[in-house]
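Counting convention: from 1, in listed order, for ligands and their atoms alike. What you are looking at is a predicted structure, and each value in this text was computed from that prediction instead of being measured. Here, residue 1 is the first one in the sequence, and each next residue gets the next number.
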Amino acid sequence: MHYDSRTIALHWTTAGLVLILWTIGQTADFIPRGPFRGAYWSAHFLLGFIFVAVLLTRILWRSSGGKRLPPADSGALQVISKTTHYLLYALLVIVAALGLANAFAHGVSIFGIINLPKLADHARAESIGDLHELAANSVLALAAFHAAAALAHHYLWRDKVLERMLPERAS
Ligand code: HEM
Ligand code: HEM
């Protein structure tokens, strides 16, 4: 029993983008000021806009044609799993919205080609940036818990929950 291929592709694209965006965001300040750092941040902004599009597509697909599978757990575990999934979606929407707000608050440039207007003063932009970082770290923490649960299903309980989210050929 597997999710449909579009759901699977959207899940892993989201996961990959979250990991890359978080890594860029947390490491950019270690790079000396200059063109490379500018390009590094530009990659975050560009991938950020792609992430917003992927997330919207995922939510639309999930609520329309995406395949639904019966709950993998029962009792308390089912509640924890469902709550984690809803919280993940909520945090993904929050981090994306704060990312967009952050980009317009700072008036960022994307590779010098697209220059967004700066819509907030310095103090407001800083506080939106802090909230964006807090949301980003929360997504990472919850996703780590979620991934640990998926791996526990696979390696400890040896059931087929992880395989539901893997392409049919690979499992
Ligand atoms: C899963 C999605 C995302 C994650 C995990 C993430 C993560 C981060 C992190 C960790 C930082 C560094 C915060 C700091 O040190 O102050 C950051 C900064 C930033 N992010 Fe994101 N981000 C995501 C999505 C987005 C999106 C969608 C946009 C908008 C297109 C965006 C725009 C920005 C901007 C403008 C900054 C501040 C850049 C600067 O200080 O010059 N992010 N992000
Ligand atoms: C940033 C990383 C990740 C995010 C944001 C994320 C998000 C999500 C969300 C929101 C769902 C619920 C899907 C739905 O019912 O609509 C889900 C399902 C799932 N995820 Fe992740 N995920 C991430 C990483 C991972 C990793 C690393 C693994 C495996 C090690 C994994 C394994 C699974 C599995 C197996 C399911 C299906 C669970 C079931 O059928 O009950 N995810 N993920």
(request) State, with a plain yes or no, whether a side-chain heavy atom of L92 is found less than 4.5 Å away from one of V18. (result) yes

Using only atom types and a distance under 3.5 Å, with no angle test, would you say the side chain of [X] pairs donor to acceptor with the backbone of [Y]?
X	Y	value
W12	L166	no
H154	V161	no
H11	T7	no
K118	A120	yes

Of the non-hydrogen atoms in [X] and [Y], which two are nearest, and what is the gap between them?
X	Y	result
K67	D4	N-OD1, 2.9 Å
L116	A103	CD1-CB, 3.8 Å
F111	S42	N-OG, 2.7 Å

Side chain or backbone of [X] under 4.0 Å from ligand 2, or both, or neither, by non-hydrogen atoms?
X	result
H146	side chain
L162	both
K67	neither

(request) For atom CZ of R158, decide whether the heavy atoms of other residues, nucleotides or ligands shown that lie under 6.0 angstrom number more than 12. (result) no

(message) Tell me whether R37 at atom CZ has more than 12 heavy atoms from other residues, nucleotides or ligands lying less than 6.0 Å away.
(response) yes

Any atoms of ligand 2 less than 4.0 Å from a non-hydrogen atom of [X]? List them with their elements.
X	result
R164	39 (C), 40 (O), 41 (O)
Y89	10 (C), 13 (C), 14 (C), 16 (O)
A147	26 (C), 27 (C), 30 (C)
V161	35 (C)

(message) Regarding ligand 2, does W12 bring an N or O atom to under 3.5 Å of one of the ligand's N or O atoms?
(response) no

(message) Would Y3 count as a polar contact of ligand 2, with the cut-off being nitrogen or oxygen pairs under 3.5 Å?
(response) yes

(request) For F36, enumerate each residue passing the side-chain contact (heavy atoms from CB on, under 4.5 Å) test, keeping only those at least two apart in sequence or located in another chain. (result) I31, Y40

(request) Check whether any heavy atom of E163 sits under 4.0 Å from an atom of ligand 2. (result) no

(request) Work out whether the distance between some heavy atom of L69 and some atom of ligand 2 is less than 4.0 Å. (result) no

Using a cut-off of under 3.5 Å, which N/O atoms of ligand 1 pair up with protein N/O atoms, and what distance separates each pair?
unit_1, atom_1, unit_2, atom_2, d
ligand 1, 20 (N), H44, NE2, 2.8
ligand 1, 20 (N), H132, NE2, 2.9
ligand 1, 22 (N), H44, NE2, 3.0
ligand 1, 22 (N), H132, NE2, 2.8
ligand 1, 42 (N), H44, NE2, 2.9
ligand 1, 42 (N), H132, NE2, 2.9
ligand 1, 43 (N), H44, NE2, 2.9
ligand 1, 43 (N), H132, NE2, 2.8

(message) Any N/O/S atom, side chain or main chain, of H11 closer to atom 21 (Fe) of ligand 2 than 2.8 Å?
(response) yes

(request) Would you give the length of the straight line joining atom NE2 of H153 to atom NZ of K160, rounded to the nearest 0.5 angstrom? (result) 13.5 Å

